[in-house]
Amino acid sequence: MKMTKRTLLAVAALACVAGAAHAQDALKIGLIGTYSGPYADYGRQFDAGVALYLKEHGNKIAGRPVEVIKKDTAGPAPDAAKRIAQELVVRDKVQILTGLDFSPNAYAVAAVATQAKIPTVVMNASSSAITTSSPYVARLSFTVQQVSDPMARWMLRSGTKEAYVVVADYASGTDALTAFKKAFEGGGGKVVGELRTPMNNPDFSAYVQRIKDAKPQSVFFFFPSGVMPPAFLKVWKERGMDEAGIKLYATGEATDDSYLDATGDVALGLVTSHHYSYAHPSAKNQKFVKDFEAQFGTGLRPSYFAVTAYDAMAAIDLALKKTGGNADGDKVMDALKGLAFESPRGPIEIDADTRDIVQTVYIRKTEKVNGKLVNVEFDKFDRVKDPAKEAK
Amino acid sequence: MGIVLFDGVAYGMLLFLMAVGLSITMGLMNFVNLAHGSFAVVGGYAAAVLMNRLGVPYGLALVAAFVAAALLGAVLEVVFYRRLYRAHPLDQVLLSIGVVFVSIAALTYFFGPTMLPFHLPPALQGQFSFAGVELGRYRLFLIVCGVATLVLLLQLMNRTRYGAMVRAAVDNQRVAGGTGIHVQRLFFLTFSLGCGLAGLGGALSLGMLGLEPSFPLKYLVYFLIVVCVGGAGTVTGPFIAALLVGIVDVAGKYYLPEAGVFLIYVFMIGMLLLRPNGIVPKKGLA
């Protein structure tokens with residue numbers, strides 16, 4: 001009997017240890033992004049933002065240790081994204097999903113989020129309806145409409161009366177075109193021409209020449225960040241469009257901090273609208289950039305991907321603090337709704353009704369500061385909501 | 001009108017410069033080398049890295065691009081390609097598409113997934129006025145390079161001993177071998193030449209195309225269109241095809257922007273129906 005007593009004690013002790021371990025159970029976060037292929041920079045930026053936040057907070061979120069499980073979709077691949085999300089939920093038992101660079105992937109994962117009641121925090125995908133596709137999705141990034149609309153309003157404010165619109169022929173391009181046109185014509189401006197260019201377009205000379213011959217007062221363009229904006233800008237400079245008196249405007253994708261160095265001087269003077277520039281002057285951003293450079297060197301510039309990844313971690317942290325570390329889907333979503341905090345990009349808020357981001361959209365100009373091309377913010381629109389949802 | 005034609009010709013020359021190497025490897029050696037773009041992008045990276053990091057002038061960087069791509073081609077020929085000359089085309093496709101993926105991964109590893117900066121020398125930037133039309137300097141440079149390459153290749157293939165040996169080997173390998181021509185060495189040289197031309201084309205394209213690891217896949221379809229429409233194995237065929245494709249593409253996008261994107265594919269289908277073996281069918285060399 002003596003033995004039994006001792007065994008019981010041991011079992012009790014074990015139970016205690018197990019209980020304590022339970023409280024310290026790692027919070028499992030599934031990060032779905034692109035780590036290989038032509039868009040591998042996105043995953044790199046996500047990782048950097050996440051790592052920086054976790055390092056600053058002792059690898060803990062709301063007092064719980066964190067385990068981030070990263071999965072690669074290798075680009076826009078909704079089927080793969082859905083399968084990965086299912087695996088993360090069923091096999092790895094993640095409590096929160098995040099990442100999601102491409103909109104098709106985000107839509108696919110939203111379906112899984114609804115079924116499994118897993119809070120999903122979108123780090124980039126910018127198609128407007130992603131947040132309406134599942135009650136378990138909140139977005140920390142932006143929507144294409146959200147950054148295109150202020151550009152139209154700013155152009156009107158600065159005396160531009162007519163604009164020619166050039167967009168890449170895909171879903172986000174259409175979003176940009178619609179939002180810009182609506183805001184520009186709604187404010188009394190006139191869209192004098194529209195061009196949709198194919199996604200894989202080696203030579204822009206025909207399009208630029210067409211614009212030059214149309215002689216519009218200004219041109220607004222939207223291309224996904226990467227090789228398209230520099231190719232367009234090169235032809236723009238070559239044709240002497242500035243000398244022809246045609247003003248050029250774009251969304252911040254054209255001068256994405258990840259690609260700006262490679263784009264070079266052809267981007268000088270371009271006025272763009274976006275929610276984040278790594279040259280944002282706030283103290284919080286200066287610290288963010290300094291820590292980022294200390295951690296990852298100066299070879300990698302923090303882009304809007306990195307800052308959103310950082311903010312997504314902050315939002316998860318704040319929400320879980322509200323729920324006392326409880327990662328239950330409904331509770332976390334309730335905590336995320338209306339959450340407002342200071343991001344390196346400025347004050348941001350998750351809309352309590354739409355779970356979409358509300359943030360400042362800045363008007364910036366590409367300038368050379370200390371020999372480096374940067375987006376210098378000189379005007380802003382406060383508390384911009386997604387205009388596609390406002391309309392409803 | 002004039003400017004559209006000029007831009008179309010310049011774009012066509014760019015396509016020719018990038019694709020002519022493929023016409024040589026694919027047509028002369030009957031090797032379906034889908035990795036052609038990988039050699040082009042290696043030339044591009046060689047030129048950009050030399051110019052950015054060491055300040056090498058553009059002209060020298062072009063030579064280096066040719067040499068780098070030719071050397072890589074030589075190594076791969078000895079290690080891989082040589083074994084598959086007589087293999088089924090499907091095996092060749094598998095090998096060369098594998099080379100494409102390996103090259104993309106390798107470039108991403110060494111240079112990162114984003115674009116590499118490249119800036120044309122100031123002498124090639126901007127436009128100048130000629131007969132009332134504003135012409136791009138870089139585009140004119142492309143046209144000059146394209147024509148020069150055409151002339152040099154025609155001379156090489158039709159007027160030199162090397163060219164005669166290549167033509168003999170292509171017509172009948174066994175007989176050529178019997179007359180004392182070292183066919184294996186000949187193919188080794190020809191493959192390296194094709195790869196070198198790809199590298200040169202890649203470096204010349206940088207004023208227009210963005211330099212990134214996915215380059216070989218992105219532009220593969222354009223190389224294939226030019227070579228198939230023109231006729232693999234010739235030099236003049238791809239030249240004419242590239243000119244036509246360039247002009248059709250630029251003019252289509254200028255005059256009919258809504259449909260312009262598809263015009264070159266319609267053009268390709270039409271040409272292949274009319275002349276399934278290419279504009280200049282292979283028979284020896286044109």
Side-chain angles (χ1 to χ4, degrees), chain A residues 34-45 75 166 169 193-213 225-235 237-241 243-244 256-266 299-301 303 373, chain B residues 3-4 6-8 10-12 14-15 18 48 52 101 104-105 107-109 112-120 124-127 134-139 205-215 217-219 221-222 246-247 249-258 260-262 264:
Chain A
T34 301
Y35 292 95
S36 60
Y39 306 101
D41 180 59
Y42 296 175
R44 222 166 43 149
Q45 293 275 356
V166 185
D169 198 5
E194 289 171 22
L195 271 181
R196 290 163 189 260
T197 73
M199 289 297 281
N200 192 359
N201 189 49
D203 184 11
F204 280 98
S205 66
Y207 294 118
V208 175
Q209 189 64 37
R210 199 178 159 84
I211 297 168
K212 194 178 185 184
D213 295 345
S225 55
V227 292
M228 286 179 86
F232 182 79
L233 291 170
K234 272 181 194 170
V235 181
K237 285 280 154 176
E238 183 205 80
R239 301 274 134 149
M241 302 294 274
E243 291 76 14
D256 183 339
D257 279 313
S258 272
Y259 294 87
L260 196 50
D261 255 346
T263 306
D265 289 350
V266 288
L300 185 70
R301 262 194 206 185
S303 75
L373 287 169
Chain B
I3 183 76
V4 174
F6 174 79
D7 285 339
Y11 179 44
L14 178 74
L15 294 176
M18 297 219 290
N52 292 343
F101 288 123
I104 291 177
L107 290 172
T108 307
Y109 181 79
T114 54
M115 222 169 44
L116 220 59
F118 174 84
H119 307 295
L120 283 170
L124 289 178
Q125 290 174 7
Q127 291 180 303
E134 294 276 306
L135 304 179
R137 290 203 176 91
Y138 166 66
R139 282 164 205 274
S205 74
L206 296 185
M208 215 183 278
L209 310 179
L211 187 61
E212 50 168 4
S214 61
F215 186 102
L217 273 187
K218 224 169 168 177
Y219 302 111
V221 63
Y222 296 94
I247 293 170
D249 192 44
V250 171
K253 282 172 180 164
Y254 181 81
Y255 292 109
L256 299 165
E258 293 82 14
V261 183
F262 310 105
I264 59 164

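In this text, all values refer to a predicted model and were calculated from it rather than measured experimentally. Order of the sequence lines fixes the chain letters, A, B, ..., with proteins taken first and strands second; residue numbering starts at 1 for each chain.
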* **Interchain contact, B:Phe215 with chain A, by part (heavy-atom threshold 4.5 Å)** => neither

* Asked: How long is the gap from OG1 on A:Thr263 to NE2 on B:His119, to the nearest 0.5 Å?
  -> 8.5 Å

* Asked: Any side-chain heavy atom of B:Gln125 within less than 4.5 Å of one from A:Asp265?
  -> no

* **Identified side chain to side chain donor-acceptor pair (under 3.5 Å) partner of B:Lys253 from the options A:Asp203, A:Thr197, A:Asn201** => A:Asn201

* **Part of B:Glu212 within contact of chain A (heavy atom distance under 4.5 Å)** => side chain

* Part of A:Asp169 lying under 4.5 Å from any heavy atom of chain B -> neither

* Asked: Which answer fits A:Lys237, side chain, backbone, both or neither, if we ask what part of it has an atom under 4.5 Å from a heavy atom of chain B?
  -> neither

* Structure fact -> By salt bridge (charged side-chain N to carboxylate O under 4.0 Å, His left out), A:Arg301 pairs with (sequence neighbours left out) A:Asp257, A:Asp261

* Which heavy atom of B:Gln127 sits nearest a heavy atom of A:Lys212, and at what distance? -> OE1-NZ, 4.0 Å

* Asked: Considering only heavy atoms, which portion of A:Val266 lies under 4.5 Å from any heavy atom of chain B: side chain, backbone, both, or neither?
  -> neither

* Asked: Which one, A:Arg210, A:Lys234, A:Arg196, leads in non-hydrogen pairs under 4.5 Å with chain B?
  -> A:Arg210

* Structure fact -> Note: vs chain B, highest number of non-hydrogen pairs under 4.5 angstrom among A:Ala40, A:Gly264, A:Ser205 is A:Ser205

* Measuring heavy-atom distances to chain A, does B:Leu206 have an atom under 4.5 Å in its side chain, in its backbone, in both, or in neither? -> backbone

* Below 4.5 Å from any heavy atom of chain A, which atoms of B:Leu116 appear? Answer side chain, backbone, both or neither. => backbone

* Asked: Would you say the side-chain atoms of B:Asp7 pair up with the backbone N or O of A:Ala206, donor to acceptor, closer than 3.5 Å?
  -> no

* Asked: Counting only heavy atoms not in A:Tyr39, do more than 12 sit closer than 6.0 Å to its OH atom?
  -> no

* **Stepwise side chain to side chain contact (heavy atoms under 4.5 Å, CB included) check, B:Arg139 with A:Val235** => CA-CA 11 Å; B:Arg139 282 164 205 274; A:Val235 181; 3.8 Å; yes

* Asked: Using non-hydrogen atoms only, which part of B:Tyr219 is less than 4.5 Å away from chain A: side chain, backbone, both, or neither?
  -> side chain

* Partners of A:Arg44 by salt bridge (charged side-chain N to carboxylate O under 4.0 Å, His left out), sequence neighbours excluded? -> A:Asp41

* Select one option (side chain, backbone, both, neither) describing which atoms of A:Pro202 are under 4.5 Å from chain B's heavy atoms. => both

* Any idea which of B:Gly207, B:Ala105, B:Gly210, B:Pro213 has the most non-hydrogen atom pairs under 4.5 angstrom with chain A? -> B:Gly207

* **Min side-chain heavy-atom separation A:Gln209-B:Val250 under 4.5 Å** => no

